[in-house]
Amino acid sequence: MSAAAAVLAGAALIGTTGCSTGAAVPSPEPDRASPTPSASPVTGPYVALGDSYTSGLRIPPQNGSPQGCGRSGANYPSLVAQQLGLKDFTDVSCSGARTGDLTAAQHTDDGTNPPQLDALGAATRLVTLGIGGNDAGFLDVLGRCAVESVRHGLTGRGDEAPCRAYYTTGAGRGEVQRKMTTTGERLTTVLAEIKRRAPQAEVLLVGYPALLPQDPGRCADTLGDGIAGADVGFVAEQERQLNSMLRQRAEAAGVAFVDTYSSSAGHDMCEAAGTRWIEPLAADQGLAPIHPNAQGQQGMAAAVLASLRQRH
């Protein structure tokens with residue numbers, strides 16, 4: 001399969017990984033010191049909300065109900081709860097979740113996840129939320145970039161950054177910003193509802209880790225000609241914009257924002273296995289393409305814990 005075809009296949013997979021878990025292939029956990037619970041001013045009950053970057057899609061062990069949510073016992077909420085020694089922990093995150101799935105039931109390929117916010121209550125003391133990427137259509141941008149790269153390669157005409165051109169002057173002009181604005185408005189509503197339902201809870205909005213490096217050249221082997229080199233920077237720019245919007249909405253709502261992008265620099269999908277936190281399109285066996293692996297979940301957990309330490 002050519003690099004371009006591989007990216008197109010990956011783009012098609014993007015549309016499905018948010019909804020089904022696939023088969024999780026057991027694998028040994030990466031070497032790390034086992035978290036040792038220590039005395040912490042952070043108390044439970046702790047409720048984790050979010051999409052596939054929170055649920056830990058296809059990362060073993062897959063557990064919880066419904067199975068279609070792709071919830072891992074080694075995702076960052078589970079690691080945070082373990083490190084803080086929080087026994088009263090509820091994880092309702094679900095692959096493919098959008099902001100609307102926080103207040104309405106979400107139907108997956110294998111079961112229905114109740115409205116995530118139903119897990120909250122007056123007794124809740126800690127909430128983490130990782131959501132917004134599906135609303136903003138971030139992975140759709142990657143798919144479009146693959147399509148535009150192939151189109152450019154076949155015709156030999158147009159901009160050297162065909163995806164950027166599509167979204168700035170072409171048929172998709174203004175699309176990304178419109179979705180970003182709408183997502184931000186929905187987040188504001190969601191954060192207000194979380195605070196209403198759990199008024200005593202500490203709320204953390206968790207951002208997205210870096211999928212791509214700043215230097216397009218570092219992705220040549222991973223992406224080949226599937227995405228134009230000049231567009232790698234464009235995609236990275238869109239993710240930074242997404243995280244910036246999340247930060248702004250968190251601050252406006254009076255909740256904490258957890259930056260996972262900065263700490264994941266140098267661990268993007270174009271790094272070698274063992275170094276990367278995000279799986280590439282040709283993911284390791286059983287893992288989800290363009291999603292965090294076990295190391296990525298550990299890195300996100302470390303960012304959440306660091307944020308909590310700074311606040312206490």
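These values consider heavy atoms only, across backbone and side chains, with no hydrogens, waters or symmetry-generated copies. Keep in mind that this is a model prediction, so the values were computed, not measured.
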Given Asn243 and Asp259, is the side chain to side chain contact (heavy atoms under 4.5 Å, CB included) satisfied, shown in steps?
-> CA-CA 8 Å; Asn243 276 317; Asp259 174 17; 5.8 Å; no
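- Looking at Ser95 and Ser55, their side chains come closer than 4.5 Å, going by heavy atoms from C-beta outward.
- Salt-bridge check for Glu237 with Arg164: passed, with a basic side-chain N closer than 4.0 Å to an acidic carboxylate O.
- One hydrophobic cluster holds both Tyr53 and Val235 under the rule that ILVMFWY side chains link at heavy-atom gaps under 4.5 Å.
- Looking at Tyr76 and Thr54, their side chains do bring a donor and an acceptor atom within 3.5 Å of each other.
- Counting all heavy atoms, side chain and backbone alike, Asp51 lies closest to Ala97 at CB-O, 3.6 Å.
- Across every non-hydrogen atom of Ala74 and Pro60, the tightest pair is CB-O, 4.0 Å.
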Mind listing the side-chain donor-acceptor pairs of residues 126-133 below 3.5 Å, one per line with the distance, residues two or more places apart or on another chain?
from   : atom 1 : to    : atom 2 : distance (Å)
Thr128 : OG1    : Tyr46 : OH     : 2.8

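- Gln297 and Asn75 are not linked by any side-chain donor-acceptor pair at a separation below 3.5 angstrom, with hydrogens and angles left out of the test.
- Although no hydrogens or angles enter the test, the distance criterion places a donor-acceptor pair under 3.5 Å between the side chain of Thr181 and the main chain of Gln177.
- Checking side-chain atoms of Gln62 against main-chain N and O of Ile59 turns up a donor-acceptor pair under 3.5 Å.
- Put simply, the side chain of Glu202 does not reach to within 4.5 Å of the side chain of Arg125, judged on heavy atoms.
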Mind running side chain to side chain contact (heavy atoms under 4.5 Å, CB included) on Thr112 and Gln106 for me, showing each step along the way?
-> CA-CA 6 Å; Thr112 298; Gln106 178 186 351; 6.0 Å; no
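- The shortest side-chain heavy-atom distance between Leu117 and Pro115 does not fall under the 4.5 Å cut-off.
- The shortest side-chain heavy-atom distance between Val92 and Asp118 does not fall under the 4.5 Å cut-off.
- Counting heavy atoms from C-beta on, the side chains of His291 and Arg58 never come closer than 4.5 Å.
- Between Phe89 and Ala48, the shortest heavy-atom contact is CE1-CB, 4.1 Å.
- The minimum heavy-atom distance linking Met180 with Ala136 is given by the pair SD-CB, 4.4 Å.
- Expressed to the nearest 0.5 Å, how far SG of Cys94 lies from CG of Leu102 amounts to 10.5 Å.
- Closest of all the heavy-atom pairs between Ala198 and Thr124 is CB-CB, 3.9 Å.
- In this structure, Phe257 CZ and Ser307 OG are separated by 9.5 Å, a value rounded to the nearest 0.5 Å.
- Aromatic ring pairs are classed by plane angle as parallel below 30°, tilted from 30° to 60° and perpendicular above 60°; the pair Phe234 and Tyr167 is parallel.
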Evaluation steps, side chain to side chain contact (heavy atoms under 4.5 Å, CB included), between Ile194 and Leu120 | CA-CA 8 Å; Ile194 290 174; Leu120 301 176; 4.0 Å; yes
Report the C-alpha separation of Leu305 and Leu79 in whole Å, then their side-chain angles, then the decisive distance to 0.1 Å, and conclude whether the side chain to side chain contact (heavy atoms under 4.5 Å, CB included) test is met.
-> CA-CA 10 Å; Leu305 291 165; Leu79 298 177; over 6 Å; no
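- A salt bridge is absent between Glu175 and Arg178; no separation between the charged side-chain nitrogens and carboxylate oxygens falls under 4.0 Å.
- A salt bridge between Arg276 and Asp284 is present, with a side-chain N of the basic residue lying under 4.0 Å from a carboxylate O of the acidic one.
- Closest heavy-atom contact between Thr222 and Cys270: OG1-CA, 3.5 Å.
- Here Cys219 contributes atom SG and Met269 contributes atom CE; the two are 7.0 Å apart, rounded to the nearest 0.5 Å.
- In this structure, OH on Tyr261 lies 5.5 Å from CD on Glu239, to the nearest 0.5 angstrom.
- A donor-acceptor pair is defined here as one N or O able to donate and one able to accept, closer than 3.5 Å; such a pair exists between the side chain of Asp231 and the backbone of Cys163.
- A heavy-atom distance below 4.5 Å is not found between the side chains of Ile278 and His267.
- Leu142 contributes atom CG, which lies 6.5 Å from atom CG of Leu211 (distance to the nearest 0.5 angstrom).
- Thr260 places a side-chain heavy atom less than 4.5 Å from the side chain of Pro209.
- Of the residues Arg186, Arg98, Arg249, Lys179, the one that meets the salt bridge (charged side-chain N to carboxylate O under 4.0 Å, His left out) test with Asp135 is Arg186.
- Interatomic distance, OG1 of Thr99 versus CD of Glu185, reported as 11.0 Å (0.5 Å rounding).
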